[in-house]
Amino acid sequence: MTSIESPLPEKAANFIRNIVTEDLKSGKHRLVVTRFPPEPNGYLHIGHAKSICLNFGLAGDFGGRCHLRFDDTNPAKEEIEYEDSIKENVSWLGFNWGEHLHYASDYFEELYRHAVALIEKGLAYVDSLSAEEIRGLRGTLNEPGQESPHRGRPVEENLELFRGMREGEFPDGAHVLRLKIDMASPNLNLRDPVIYRIKKVEHHRTGAVWCIYPMYDYAHCISDSIEGITHSICTLEFEDHRPLYDWVLDALQLPCHPQQIEFARLNLSYTVMSKRKLLELVQEKLVDGWDDPRMPTLVGLRRRGFTPASIRAFCETIGVGKSDSFIDMGILEDAVREDLNVRAPRAMAVLRPLKVVIEGYPAGETELFDAANHPADPAMGTRQVPFCDTVYIERDDFQEEPAKGFFRLAPGREVRLRYAYIVRCESVLKDADGEIVEIRCSYDPGSRGGSAPDGRKVKGTIHWVSARHAIEAEVRLYDRLFSTPNPGGKNEPDYRSSLNPKSIETLAGCRLEPSLEGAEGESRYQFERLGYFCLDSRDARPGQQVFNRTATLRDSWSEQKR
RNA sequence: UGGGGCGUCGCCAAGCGGUAAGGCAUCGGAUUUUGAUUCCGACAUUCCCAGGUUCGAUCCCUGGCGCCCCAGCCA
């Protein structure tokens, strides 16, 4: 297929995309309209990103539109702060809802009118049983439920009671409005579901105007219909609700009847995704807040250094299906590496400094070496890094007794200081405890810039930072939050017991090349040979930079050691 | 001993009657002043199992097996 025939970038096929394509081709729809319908009761996480990318992506690819609709039908749990965060997250991910910012609460009046219509049609009734009594009559998975004694209430009485509910004449729990469907249905959702309950709670948007609020199954389908949604995409657990979704729209004979389609939610290894667990981690201070860089929340991933593009790419590669999937965290990490490898400028930083004195190098002299900001992208330019007779190298890059296969610095061995000189280790200085405190090296003046004048091969190239010019900084090394693939899964009584004690390591006194002094905002770099790092925009201060490690580089050496 | 789903390579995932895409991982090999990147090459005679229909089945039928979801006045 040529690009002329398909102007849009070819995206992986999935069953939902196929349905949409077919519906457009058959003329069932001329425009695809989707929606992302979060409840503003928590922060968005990577699982939501999958849904956002699916809904906005579909609309975008087919020239349709995607609405952002807050499913705010339960004021007891919802807050405006969450709405703000959600809007910010969706924008950050790169999606735009345009004029279509909606709220289920905007439809409360219309929802109420439809409920009255249902009562008039004899399809809904006010039940005055307690929650416990209703549960008692619902039956079980194997036994049918029993009808409520109020099921036969006359229409006029239902109307009067429902009006009274709205007027606030009854306390919470006194009555509910139920659909009259089938108490013997094998689908529990169809056993006269409750669609309105009394909740004398102020709503963050409608204030005290209402004291009865519609339930999800009733409000969602009608909201979709009102907005002209064509494909109402949700997760698998709502599959059993689809008959109810369709029942309500059919009963009301609404002109727009969206098609509900369910897909498998995202499960990621080495983390947890449920709102409850995420909330507990924050409340019990097991993490440093919703935006802790170890959290799978969008604010957390952002602070960790993930780019919107990397998250979109991740969502694209994992695909969309109906089988319960478990994606390895490694896939997410690869997605950032892939994106950052192309766009992150390189820099040199020494995390665990080991002092190296270059013997024979003129004391007090400073040389400036040109270093490429990106080895494969000349357009990113170069910078100059200062060099003097004392530098810091990574402690890991020196081994007094080199292991087999180790080709960095060791006594008597040569290594290249990237962009500078080839040096040879001549001696090792230790303190009273036998701890190595300094290395002394000779250097080859002819290797200026790092190339061997005689063409001799120097296998190891290591990064370094001039002791005299380096800036000091704090660097936080993050690792997976949990040490088991499925925290809280079988054989694990509690997910908390699987927390990875090494998920954060804070390093003080790291030495960075001076060009990093001016880094600000969410600057991202590749610290050569170490990984990708992002300035912590919350904690960094002038003169005291703080970097978060987003991901390590792939490292076949450390893998080999394992 | 209810209902709804799902089962294709280690992890995702196309295909939906015509003889198993792709990505990630893995394993080789090349290039490399990042043990990175990039680059080549290898990687399911087989689609949960067993029967059946068919010239031909991962796709259709029958019967098993396994896993997930549902008994909120949550979404």
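Lettering follows sequence order; numbering is per chain, from 1.
Protein chain A contacts RNA chain B over a range whose 5' and 3' limits, counting nucleotides with an atom under 4.0 angstrom from a non-hydrogen atom, are B:G2 to B:A75.
Taking 4.5 Å as the limit, every side-chain heavy atom of A:Arg408 sits out of range of all side-chain heavy atoms of A:Gln399.
Residue-level contact check: A:Gly405 touches the bases, meaning some heavy atom is under 4.0 Å from a base atom. Counting non-hydrogen atoms under 4.0 angstrom, A:Asp240 reaches a base of the nucleic acid. When heavy atoms are screened at a 4.0 angstrom cut-off, A:Pro375 is found touching base atoms of the nucleic acid. Within the 4.0 angstrom heavy-atom criterion, no nucleotide atom of any strand lies near A:Tyr196. Residue A:Leu141 is classed as a base contact, given a heavy-atom separation below 4.0 Å to a base. Counting any heavy atom pair closer than 4.0 Å across all strands shown, A:Glu143 reaches no nucleic acid atom. Heavy atoms of A:Met215 sit under 4.0 angstrom from primed sugar atoms or phosphate atoms, though from no base atom. A:Thr140 comes within contact range of at least one nucleobase, with a heavy-atom separation under 4.0 Å. Looking at heavy-atom distances under 4.0 Å, A:Val176 makes contact with a base. Here A:Asn18 lies in heavy-atom contact (under 4.0 Å) with sugar-phosphate atoms only. Within the nucleic acid shown, A:Val320 comes within 4.0 Å of sugar-phosphate atoms alone, with no base atom in reach, counting heavy atoms only. Note on A:His463: nothing from the nucleic acid sits closer than 4.0 angstrom, heavy atoms only. Here A:Asp334 lies in heavy-atom contact (under 4.0 Å) with sugar-phosphate atoms only. Among the heavy atoms of the strands lying under 4.0 Å from A:Leu188 is at least one base atom, whether or not backbone atoms are also near.
B:G23 and B:U19: their C1' atoms are spaced 24 Å apart (whole Å). Rounded to whole Å, the C1' atom of B:G4 lies 31 Å from the corresponding atom of B:A44. Here, B:U45 and B:U8 have their C1' atoms 15 Å apart, quoted to the whole Å. Comparing B:U37 with B:C43, their C1' atoms sit 23 Å apart, to the nearest whole Å. Distance check on atom P: B:G7 versus B:U32 gives 47 Å, rounded to whole Å. Across B:U54 and B:C40, the matching P atoms stand 48 Å from one another, rounded to whole Å. Nucleotides B:C55 and B:A13 are separated by 31 Å at their C1' atoms, to the nearest Å. Separation of the C1' atoms belonging to B:A75 and B:C70 is 14 Å when rounded to the nearest angstrom.
Both tests pass for A:Lys459 against the ring of A:Phe407: distance under 6.0 Å to the centre and angle within 45° of the axis.
Of the N and O atoms on the side chains of A:Ser185 and A:Asp182, not one donor lies less than 3.5 Å from an acceptor on the other residue. Looking at A:Arg480 and A:Thr271, their side chains never bring a donor and an acceptor atom within 3.5 Å of each other. Between the side chains of A:Tyr125 and A:Asp192, at least one donor N or O lies within less than 3.5 Å of an accepting N or O. Under the 3.5 Å distance criterion, with hydrogens and angles disregarded, a donor-acceptor pair is assigned to the side chains of A:His67 and A:Glu227.
Within residues 451-460 of chain A, the residues having any heavy atom closer than 4.0 Å to RNA chain B are, in order of number, A:Ser451. Residues of residues 123-138 of chain A that place a heavy atom closer than 4.0 Å to RNA chain B, in numerical order, are A:Leu129, A:Ser130, A:Ala131, A:Ile134, A:Arg135, A:Arg138.
Under the Watson-Crick or G-U wobble criterion, with both distances below 3.5 Å, B:G2 is paired with B:C70. Across the strands present, B:G35 finds no partner; the criterion is a Watson-Crick or G-U wobble pair with both atom distances under 3.5 angstrom. Under the Watson-Crick and G-U wobble criteria, each requiring two contacts below 3.5 Å, nucleotide B:U26 is paired to B:A42.
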Item to complete: Take A:Tyr495 and A:Glu280 through the test side chain to side chain donor-acceptor pair (under 3.5 Å) and record every step on the way to the result.
Response: CA-CA 11 Å; A:Tyr495 69 95; A:Glu280 285 171 357; 2.5 Å; yes
Worksheet entry | Trace of the ring-ring contact (aromatic ring centres under 6.0 Å, His included) decision for A:His220 with A:Phe238 | CA-CA 12 Å; A:His220 201 88; A:Phe238 290 101; 7.6 Å; no
Item to complete: May I have the step-by-step check of side chain to side chain donor-acceptor pair (under 3.5 Å) for A:His204 and A:Glu83, ending in yes or no?
Response: CA-CA 10 Å; A:His204 67 277; A:Glu83 279 186 18; 2.5 Å; yes
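Aromatic ring centres of A:Tyr43 and A:Tyr82 lie closer together than 6.0 Å. Outside the 6.0 Å centre-distance limit, the rings of A:Phe314 and A:Phe306 are not counted as a close aromatic pair.
In terms of position along RNA chain B, the nucleotide closest to A:Ala13 lies nearer the 5' end than the nucleotide closest to the other residue of the pair A:Ala13 and A:Leu530. Each of A:Arg346 and A:His220 was matched to the nucleotide of RNA chain B holding its nearest heavy atom; the match closer to the 5' end belongs to A:Arg346.
The distance from atom NZ of A:Lys275 to atom CG of A:Asn41, rounded to the nearest 0.5 Å, is 3.5 Å.
For B:G72, the base adopts the syn conformation, since its glycosidic angle falls within 90 degrees of zero.
Checking side-chain atoms of A:His463 against main-chain N and O of A:Ala349 turns up a donor-acceptor pair under 3.5 Å.
Here the rule is ring pair (Phe, Tyr, Trp, His ring centres under 6.0 Å) with A:Phe387, and of A:Phe369, A:Tyr419, A:Tyr443 only A:Phe369 fits it.
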